[in-house]
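One structure is given below, encoded as structure tokens.
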Amino acid sequence: MTATLPQTETQAESRELTYSEAIREALAEAMTADDRVFMLGEDVGVYGGAFGVSGDLVHRFGKERIRDTPISELGIVGAAVGAALAGMRPIVEIQFSDFTCQAMDQIVNQAAKIHFMLGGAVSVPMVLRTPLGSGTGAAAQHSQSLEAWFAHVPGLKVVMPSTVSEVKGLLLAAIDDPNPVVFLEHKLLYRTKGHVPAGADRVPLGRSVVRREGADLTIVATGIMVSRSLEAAARLADEGIEATVVDPVTLTPLDEAPILDAVRRTGRVMLVQEAPGHVGFMSEIAARIAGSSALYSLEAPIKRLCGLDAPMPYAPALEAAMVPQLDDIVVAGRALATQEA
Amino acid sequence: MTATLPQTETQAESRELTYSEAIREALAEAMTADDRVFMLGEDVGVYGGAFGVSGDLVHRFGKERIRDTPISELGIVGAAVGAALAGMRPIVEIQFSDFTCQAMDQIVNQAAKIHFMLGGAVSVPMVLRTPLGSGTGAAAQHSQSLEAWFAHVPGLKVVMPSTVSEVKGLLLAAIDDPNPVVFLEHKLLYRTKGHVPAGADRVPLGRSVVRREGADLTIVATGIMVSRSLEAAARLADEGIEATVVDPVTLTPLDEAPILDAVRRTGRVMLVQEAPGHVGFMSEIAARIAGSSALYSLEAPIKRLCGLDAPMPYAPALEAAMVPQLDDIVVAGRALATQEA
Amino acid sequence: MQTVVTEVQTRESDITAIAHQPPVQDGVPAAPSTDPATARAALGTMWRIRRFEEAVDDLFARGLMHGTMHLSIGQEASATGVCLALRERDAITSTHRGHGHCIAQGADLTRMMAELLAKETGYCRGRGGSMHIADVATGNLGANGIVGGGIPIAAGAALAYKMRGEDRVVASFFGDGATNEGAFHEGLNLAAIWDLPVVFVCENNKYGMSFSTEFSMAVPHVADRAAAYGMPGVTVDGNDLDAVHAVAAEAVDRARNGGGPTLIEAETYRWKGHSKSDKNLYRTREEIAEWRERDPIVAFETKVTESGLLTAADITAARDEATDAIKAAVREANSGTDADPGDLLDAVFAPVDAAPLASSPNQDVTR
Amino acid sequence: MQTVVTEVQTRESDITAIAHQPPVQDGVPAAPSTDPATARAALGTMWRIRRFEEAVDDLFARGLMHGTMHLSIGQEASATGVCLALRERDAITSTHRGHGHCIAQGADLTRMMAELLAKETGYCRGRGGSMHIADVATGNLGANGIVGGGIPIAAGAALAYKMRGEDRVVASFFGDGATNEGAFHEGLNLAAIWDLPVVFVCENNKYGMSFSTEFSMAVPHVADRAAAYGMPGVTVDGNDLDAVHAVAAEAVDRARNGGGPTLIEAETYRWKGHSKSDKNLYRTREEIAEWRERDPIVAFETKVTESGLLTAADITAARDEATDAIKAAVREANSGTDADPGDLLDAVFAPVDAAPLASSPNQDVTR
Ligand SMILES: Cc1ncc(C[n+]2csc(CCOP(=O)(O)OP(=O)(O)O)c2C)c(N)n1
Ligand SMILES: Cc1ncc(C[n+]2csc(CCOP(=O)(O)OP(=O)(O)O)c2C)c(N)n1
Ligand SMILES: [Mg+2]
Ligand SMILES: [Mg+2]
């Protein structure tokens, strides 16, 4: 594993932090260790970030390195690309992932392709951090989950950290990476708590994680749906249905083996994501399974449990109805596990 | 079927036209029949369009209705949204689909969502026409196939016309539609020829078309891959392998039944697209099959034959190696059809 | 589509009740402070905005409202002054901070409140909420959660009016922060080269979220940016209703008569934080206090009472009527049915078969 | 990453061979037409650009080259004049019409031609082609197929230099059409508010593809747009090498000394169509003929021979050397191996394990 920072501290030490704090710690450690690392984005300075992630970093690292920008997503992602080409390690925050739409040209036509287009002469080591997802009543222009778009773009690495304990190490690995990494943080995770190693241990990109083992059913879930699926799995276990839960973590490059293995062992699969189902990331997981010999292990059609194919509504009841909730996962899991083969 | 234009002429009359000419004819007929229809885009006027599609229309309909714009994709798509809200029927041309990246906010956050966000009080009847695909040596920023992105956005209809004979009727239907329609034209099709009905017959959106029937294998293909797959199927037929070829035509809303039916009949499936495979449109087709009872008919894993997960290179040999070619389809089809169940 | 048409018809009567434009004398519209009916109407509008947002603030604080909200308290004169300069059948595009624009255009307070309370009876059937609120019948093409999102849309609506030869105007509201977006540049350029009937109204409240205009741009005034588009740019005291109205009326008149767009910068201030999560770390208590002294409502009240145009009783009446109207709106809105998750999927696309478009009237989102 | 480092080292010697900057007297760089070495070098550069593109034109016409191409014939003085004002270790961003910029920065003609001929020996190993050509060792951050795409990238590179306290400057080339893109607005604004060492160079050749600047903007000059960013804007005869060099030198100097960015508009003309598919329907034969009369190379040659700085023999030598260099480049390039489809998938990501980044020197794309 490549490391920009020294890996001195032991993994033993760990503290309970929130997801936001863990991200902030990664940012601070990377900036302390490496002068090239800096952060830019709207209101990341004294405001502390729209979701409070940068917090007090501006007081610790100054306005140059925790750089407030005008409302110019295209411009600031472009500036990050340019800074990366000139030897820096920029981390750009886009306040809501919906606004990556403004910056798509720089993300997709520039950052993702420059290494390839220039025959490998340069690379674009930058991280684009942005919160996605619904659950805050922010409606259709502030609640999208666009991970499928990024995952479809060759040249971008795409990470969707679902746990507090890994988010720090994943972000450090993303900052190390010589390629552009899109780092997708779910809003509802920011305040969740977990144990975080004190050291600068990287969590390598590109590894799917089996979060739970069970013989009856495989659930593949991303982002906020990981903890929700684990909770559902616990409930199903009370009923005697044992589920394996796999979290891809990195969507591109995808580590498919743990998923296919789980399918082979369980024979039944449910794919859970918040984003609308049509041409979403879980379509790819289904395609990988159906495109491999794991197909022969399937005892039932692959169940996708996804967001509805609609924009995100404002009303709380509608917003909740749009995306898989705990009960939906339990009900669908039970149905799948008990379906006749 | 909704019709803006009178459907007087008989379907009998048809002439051989190119794909470009058929599109131009649809544009001209829609503008003749309905004052609200107009077209805007870069160089659509006296230049005749980057790919010559608008041709002489500016001389027939004037500069107001065939409106040259500055190089401002975001602005012109936004202007189309506004004009649509105010009662017009704009058709906006984006020179290369890669530049929709510049306009994504207006396409995705505005056009696609306004009808829903405003509780149905208004709709956004506009068509966004844009050429996609490789094959012209234009390299990574002028050769993308982004249909998967559009298909993933609730509120957009997405059409990928693959034949000269249907493109006119599909475009007329898209212009009729009260919703934003993304109309994706493959560059390599523009000069291909076919028979086009003289009348204003619509080809309804949302219908998959079975282009060929065969019992051994189902090929699902989009865009330029449809004709390539038909050619491959003809070659395979010479070897005694009979393929069904299904063309979804409209990616959203998707008409899945003809695809699932074909799979049930043939037991083997190959999905062919030009775009990179990872989280592409064909992933969705695979997921639909594996998520339905058609799964039980599968005699082999679903084969995806897609573009490589890389940016499009410039060198002709590399460009050709990036996307499925006729031989690739034949070879993969033969392997699939003869694979042990 | 049928819905829209019906909508326009039912709303017609209410809207004519709203005294919209001041009388025109010698081709110049009277200042609001010189015509009693206009002054009363304008004051009523400003109070309705203020009271509406105070109620929203309160409902949020008590956990009775969901999501997020952006209040324009302190900025009432710019919304009111600009919309007062518009005619019926003119349109606006609005922003995330859009309650004021919506009210100034004459929207129904109950349906607005119902929307924020996530009711089926709200303007957007609970699907939009505060950031997407719009009463299309009063020409509001929509609030917008995207900073700068409405600017090119305004140009497009104006293009439609111009192409059809209608003498209608679009006013496009946005903040100072929005002028740093590419959408601002592209939208203004299109309007300029096509001589479109748009008035671009920048409500410069000194901050885009936490970022001061001092740092976000390298020119003293947003209006200086008009030079890049060859259009007039004018800076006005956004807390002075008469002043806003005067520059808006001139710009609207020019737009209506083929003179093309104008960029107006109305200097104002938001008293409240950017949104609920704002800790106000980027500005001083003193600055806020100073601007609270420049309350646009108080300023106008002082002016019209000192001039003798309105009496103290008129002033009290305007305020009390607004207070009562908001109370009633909250009450009525609350009694509406909650938005229904049942048809989410049906609501994504407008139905193709519902009404053949050629035989329906133009979709036309104004009264 | 190792590749880059090696690259820089091997190229070093070649580059110092290129007479880059004119001598400085009393703090002011001499005009190219006053210093024989500079005049010779500049003329050589202009001829290399001209001959290179003529060769490309010919190769395309004969079907020996693939894809599309955008020629800058007629615009050689702006690329040459600006790059002449840069120092080693300064950088540029370039455009779809970028051969001239690349050559003016000192790129190797053979590797350029090899790229266009889709050879593994090309600057981009045949992956980029004309629209993405770049010699990073001479500070070229890349041609760009996206109109306006390089502008924010230039600001970002300049930010990096500024943050590291290096006195390096970025010149960002783009066309008149690009100034209508949001990227222009956002990139210039960032450079302005952060006082970045960038020189924005608009090569105004009167058309963005077919669309005349007369219609695409509502101001007479692109340079007028500088006013929106509080930066100096200057229009210069882009076919006058001395004039371009003078304004560029001043702007570069200001940028290097913390004075922030400048917008330069170099008025010029492309003799050829926009690309191969252009039928030139949007401009007149007369206009083209008129501008051909104003050939920037002829103008400079006339000036320096009339002043006696160079002899007719010098002039002929410069041209012939360029002709020979291009011929040699085509020949050598043709003998290179074709780009190899084998490693397409490996080439997408830079390898994570190849070299720990912390222990490698900064990626730094200039000589
Ligand atoms: C494209 C985009 N970027 C960022 C945001 C987040 N955001 C919402 S409002 C706002 C500040 C807007 O400032 P300004 O335009 O001055 O309007 P104000 O809030 O001051 O009324 C920001 C950054 C957004 N909604 N859209
Ligand atoms: C974002 C984007 N829009 C459109 C195009 C297509 N296109 C390529 S060059 C060009 C004209 C550019 O004009 P200008 O900036 O003046 O440069 P010039 O070609 O005149 O050198 C256009 C429209 C593009 N490449 N990128
Ligand atoms: Mg503001
Ligand atoms: Mg030009």
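Below, chain A is the first sequence line, B the second, and so on; all start at residue 1.
For chain B, the option among D/Asp278, D/Asp340, D/Val147 with the highest count of heavy-atom pairs below 4.5 Å is D/Asp278. Ranked by heavy-atom pairs shorter than 4.5 Å toward chain B, the options D/Asn144, D/Asn280, D/Thr213 are led by D/Asn144. Contact count versus chain D (heavy atoms, under 4.5 Å) is highest, among B/Ala321, B/Ala310, B/Ser72, for B/Ser72. Ranked by heavy-atom pairs under 4.5 Å with chain D, the first of B/Met322, B/Met312, B/Glu73, B/Glu42 is B/Glu73. Interface check for chain B: of the options D/Gly126, D/Gly208, D/Ser130, the most heavy-atom pairs under 4.5 Å are formed by D/Gly126.
Residues B/His142 and B/Gln95 have side chains that never bring a donor and an acceptor to within less than 3.5 angstrom of each other.
For D/His66 and B/Tyr314, the gap between ring centers is short of 6.0 Å.
Contact of B/Ala50 with chain D is made through backbone and side chain together, with heavy-atom distances under 4.5 Å. Within the 4.5 angstrom heavy-atom criterion, only side-chain atoms of B/Glu319, from C-beta onward, approach chain D. Contacts between D/Met65 and chain B at a heavy-atom distance below 4.5 Å involve the side chain alone, from C-beta outward.
The environment of CZ in B/Arg191 is sparse: at most 12 heavy-atom neighbours from other residues, nucleotides or ligands sit within 6.0 Å.
D/Arg97 pairs with exactly one of D/Met131, D/His70, D/Glu53 by the side chain to side chain contact (heavy atoms under 4.5 Å, CB included) rule, that one being D/His70.
Closest approach of B/Ala275 and B/Glu147 over heavy atoms only: CB-OE2, 3.6 Å.
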Report task. Apply salt bridge (Lys or Arg N to Asp or Glu O under 4.0 Å) to D/Asp57 and D/Lys276, showing your working. Result -> CA-CA 9 Å; D/Asp57 203 14; D/Lys276 272 283 118 183; 3.3 Å; yes
